[in-house]
Chemist: 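Pasting in a structure now, in structure tokens, and then I'll have a few things to ask.
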Amino acid sequence: MGMNGAGAAIGRRRHHRRGVMSDINVTPMVDVMLVLLIIFMISAPLLTVGVPLDLPQSQAKSLDQDKEPLTISVNLQGQIYLQNTEIPVDELVPKLKAIAEARGGMDERILCAVTARSTTVR
């Protein structure tokens, strides 16, 4: 009989369950936030300390990147285009010199391409 009484007590415990806990335990989160707050309060004044640097000085002038590069393209028929305008071969060098003088020097970027452009210019 002693065995039946113990078995019945264990069986009752198995069927006794606690209700579902729907509350969120925020205590660990508050602890972590307080530790982070202390770390940031201690480290923030240390971030303003700087190291003196002696950087080298440069005498080079900045590059002019806003200028549009000149584009020379030749199609399969042998026609030459400067930007989008067709020009004869004998006028190419004088036009390039005039553009370079107007822009202030001979340091111009020129892009050359062979294209399959049609003969009509729009």
Chemist: Before giving the answer on side chain to side chain contact (heavy atoms under 4.5 Å, CB included), spell out for Tyr81 and Asn75 the whole-Å C-alpha distance, their side-chain angles and the decisive distance to 0.1 Å.
Modeler: CA-CA 8 Å; Tyr81 293 90; Asn75 66 8; 3.8 Å; yes

Chemist: Mark yes or no for whether Gln83, through its side chain, and Thr71, through its backbone, hold a donor-acceptor pair below 3.5 Å.
Modeler: yes

Chemist: Sequence neighbours left out, what passes side-chain contact (heavy atoms from CB on, under 4.5 Å) with Ile72? Give chain and number order.
Modeler: Ile80, Leu82, Leu92, Leu96, Ile110, Cys112

Chemist: Could you list the donor-acceptor pairs under 3.5 angstrom formed by side chains in residues 23-44, with sequence neighbours left out?
Modeler:
residue : atom : partner : partner atom : Å
Asn25   : OD1  : Thr27   : N            : 3.4
Asn25   : OD1  : Thr27   : OG1          : 3.3
Ser43   : OG   : Ile39   : O            : 3.0

Chemist: Within this structure, what is the CG-NZ distance for the pair Asp90 and Lys95, rounded to the nearest 0.5 Å?
Modeler: 11.0 Å

Chemist: List the atom of Ala60, the atom of Ser58, and the distance in Å for their closest heavy-atom pair.
Modeler: N-OG, 3.2 Å

